[in-house]
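Predicted model only: the values in this text are computed from it and were never measured. Every number for a ligand or one of its atoms is a count from 1 in the order of the listing.
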Amino acid sequence: MQYISTRGGVAPVGFAEALMMGLGTDGGLLVPAELPQVDAATLRAWSQLPFQALALEVMTPFIGDEIPRDDLARLIEASYAGFSDPAVTPLREAAGRTYLELFHGPTAAFKDVALQLLGNLFEYLLERDGGQLNILGATSGDTGSAAIYGVRGKPRINIFILHPKGRVSPVQERQMTTVLDANVHNIAVCGTFDDCQHLVKTLFRDLGFKARHSLGAVNSINWLRILAQTVYYFYAWGRSTGGDPARRVSFAVPTGNFGDVFAGYLARRMGLPVERLVIATNRNDILTRFVADGVYAKGEVFHTLSPAMDIQVASNFERYLYYLLDRDPAAVCAKLADLEQTGALTIEPERLAQVRADFTAAAVSDAETLAQIRATFEASGYILCPHTAVGAAASQDAPETIVLATAHPAKFNEAVREAIGREAPPPPALTGLMDKPVRCTELDASDAALRAHIDAALPAA
Ligand SMILES: *Cc1c(COP(=O)(O)O)cnc(C)c1O
């Protein structure tokens with residue numbers, strides 16, 4: 001399979017190169033040149049496969065012969081071996097709703113599904129082709145720990161994750177700083193999340209520094225993250241329909257960077273019988289406004305009870321725009337130029353009809369989020385994380401909709417306590433966190449300090 005950029009400025013590259021590139025060298029996002037199509041007979045055949053075997057089938061056409069099938073199968077097995085539920089992403093009924101539980105990985109949030117595999121694929125390709133990768137990233141919460149757990153202990157990879165000192169939740173901080181592997185470098189920056197992001201961008205723009213240290217990123221725009229997440233849409237469809245291609249399923253997806261819901265859109269474009277995809281946002285409702293009026297306009301970022309969705313500009317939106325604009329890179333570039341210059345982009349009325357056929361959307365307030373956690377708990381004893389509660393509330397008019405449960409509630413116990421007056425018991429992944437030893441370096445929000453720290457940590461290349 002060949003990959004091209006949404007902005008048209010990257011000569012077609014294979015899967016391995018696309019994976020290592022992350023962001024397109026032209027600033028665009030990589031997409032497959034063609035989408036594999038899945039027919040009814042295949043859907044039926046896949047419908048009862050275990051998650052790992054299904055992942056192998058779904059991903060193979062996107063990878064082609066670049067990774068031998070046996071090797072890919074082994075990498076997939078290894079990636080999900082540490083999940084605490086044998087089904088990997090089980091479906092669970094509670095209070096008349098169905099939840100697709102995506103939080104049984106090592107950091108108790110759905111990002112593990114993709115990042116466990118991404119870490120193993122990086123290591124495999126670096127072993128095979130030679131090389132070293134030094135990942136640099138900033139986190140405001142969930143992504144940092146999932147990325148750290150994806151690469152910990154891997155000899156050809158180092159990871160440097162910046163978080164704003166004292167401004168991530170205690171659980172999230174401990175999830176990162178209790179990982180003591182020599183290749184994991186936690187950095188608490190005396191500043192805000194924006195300072196952290198700014199530092200990372202500054203170092204990536206220093207092309208000499210970037211090349212000298214083989215710096216790479218693991219943000220939500222890496223194609224593998226989308227691909228790995230399509231698997232659980234196929235899985236949920238198979239388990240809930242028995243593999244009958246005439247039956248369609250709807251999904252409600254708590255949305256921030258548009259990665260997870262885009263994976264569902266992709267599954268539908270590949271032929272999965274998906275009825276409705278619900279974009280569930282919190283008060284940061286740029287995507288909900290877009291579906292309502294066709295205008296994608298940046299706003300102010302609000303802090304909410306579902307912090308992983310406190311995002312205004314959704315980094316994967318550009319991939320959807322590419323498909324919406326009939327895969328025309330020039331049209332994508334024109335819309336992005338509008339966004340850059342005016343802070344907004346507008347879709348023509350005919351296209352807006354297409355957007356509304358592709359998605360419905362709803363914004364959910366913190367009060368509604370708490371009410372949803374409370375109602376579900378009172379009816380069934382099942383505790384939702386606040387992000388999952390946003391998904392449930394956004395789709396309550398259609399209770400047959402499967403809700404993606406994106407994190408374990410014990411990761412967000414402040415919200416849970418506020419809703420139901422007690423905490424969710426921690427899963428194995430979060431047990432004993434507060435008693436473990438930690439390692440973390442504190443740095444001023446200065447790029448010189450960060451450069452010196454990285455120079456000292458990495459042997460001179
Ligand atoms: C990252 C995250 C989201 C948002 O996912 P996107 O792919 O960015 O839309 C939702 N819930 C939780 C718990 C997350 O960690």
Scan side-chain atoms only and decide if [X] and [Y] contain a donor-acceptor pair under the 3.5 Å cut-off.
| X | Y | answer |
| --- | --- | --- |
| Asn257 | Asn316 | no |
| Thr192 | Asp195 | yes |
| Asp358 | Tyr320 | yes |

Lining ligand 1 at under 4.0 Å, by non-hydrogen atom distance, are residues Phe110, Lys111, Asp142, Pro254, Thr255, Gly256, Asn257, Phe258, Gly259, Asp260, Ala308, Met309, His387, Thr406, Ala407
Quick note, side chain to side chain donor-acceptor pair (under 3.5 Å) partners involving residues 109-121, not counting sequence neighbours, are Ser79-Asn120, Thr107-Asp112, Asn120-Lys154
Fill in: NZ or CZ of Arg319 within 45° of Tyr322 ring axis and under 6.0 Å
no
Heavy-atom count check: over 12 atoms from other residues, nucleotides or ligands less than 6.0 Å from Gln37 CD? yes
